[in-house]
Amino acid sequence: MITITIDSLAISLDLLKSVDLNEHLIFLNDGYQSAQIRSFKAISESPAPEEAETSDMPKNKAVSYELNLQDNRVILFGIENSQVKVTALDAKPTTTIRNMPNRVADYAF
């Protein structure tokens with residue numbers, strides 16, 4: 001089980017791109033609650049370095065991603081100049097972690 005935060009999304013991209021989310025438990029903690037990440041997809045990607053050098057596209061083009069969470073929330077965020085920019089986040093204060101599987105609930109803190 002791995003829990004990432006909004007602040008760690010930029011450094012967690014390689015993990016999210018490569019991990020099988022059906023096999024591994026990865027949670028997103030938005031500061032109020034944690035929810036299991038069900039899917040991750042790139043909406044737009046930056047050009048490959050060789051393409052960026054030969055095209056008029058900026059090298060630091062904004063990149064957008066979508067996270068679908070177990071509680072049916074969708075988080076839209078982008079990376080621009082190594083900074084996370086959240087464009088859609090439905091965070092609600094709560095005192096419990098919803099939808100955490102029983103096999104990991106004992107380890108939540």
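In this chain, numbering begins with 1 at the start of the sequence shown.
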side-chain contact (heavy atoms from CB on, under 4.5 Å) assessment of V84 paired with V86
CA-CA 6 Å; V84 175; V86 177; 4.1 Å; yes

Given L67, which partner from the list I26, L16, V74, L76 fulfils the side chain to side chain contact (heavy atoms under 4.5 Å, CB included) test?
L16

Output yes when a side-chain donor or acceptor of S64 lies under 3.5 Å from a complementary backbone atom of I43, and no otherwise.
no

Return the CG to CG distance between D71 and L69, rounded to the nearest 0.5 Å.
5.5 Å

Tell me, do T3 and L28 make a side-chain contact under 4.5 Å, heavy atoms counted?
no

As a quick check of understanding, evaluate side-chain contact (heavy atoms from CB on, under 4.5 Å) for R73 and Q33, giving each step before the final call.
CA-CA 12 Å; R73 289 186 298 146; Q33 60 192 2; 3.3 Å; yes

Applying side-chain contact (heavy atoms from CB on, under 4.5 Å) to I11 and not counting sequence neighbours gives S8

Compare every heavy atom of Y65 with every heavy atom of I79, then report the nearest pair and how far apart it is.
CG1-CE1, 3.9 Å

When rounded to the nearest 0.5 Å, the distance separating CD1 of I75 from CG of D30 is 6.5 Å

Atom CD in Q70, atom CZ in R38: separation rounded to 0.5 Å?
4.0 Å

Test V63 against L13 for side-chain contact (heavy atoms from CB on, under 4.5 Å), laying out the working first.
CA-CA 11 Å; V63 181; L13 283 178; over 6 Å; no

When you look at V19 and F40, which way does the side-chain contact (heavy atoms from CB on, under 4.5 Å) test go after all the steps?
CA-CA 10 Å; V19 72; F40 169 80; over 6 Å; no

Where do S34 and N29 come nearest, in terms of heavy atoms and distance?
OG-ND2, 3.2 Å

Within a strict 4.5 Å, meaning less than it, do heavy atoms of the F77 and L9 side chains meet?
yes

Contact summary for Q36 and H24, nearest pair of heavy atoms
NE2-O, 4.3 Å

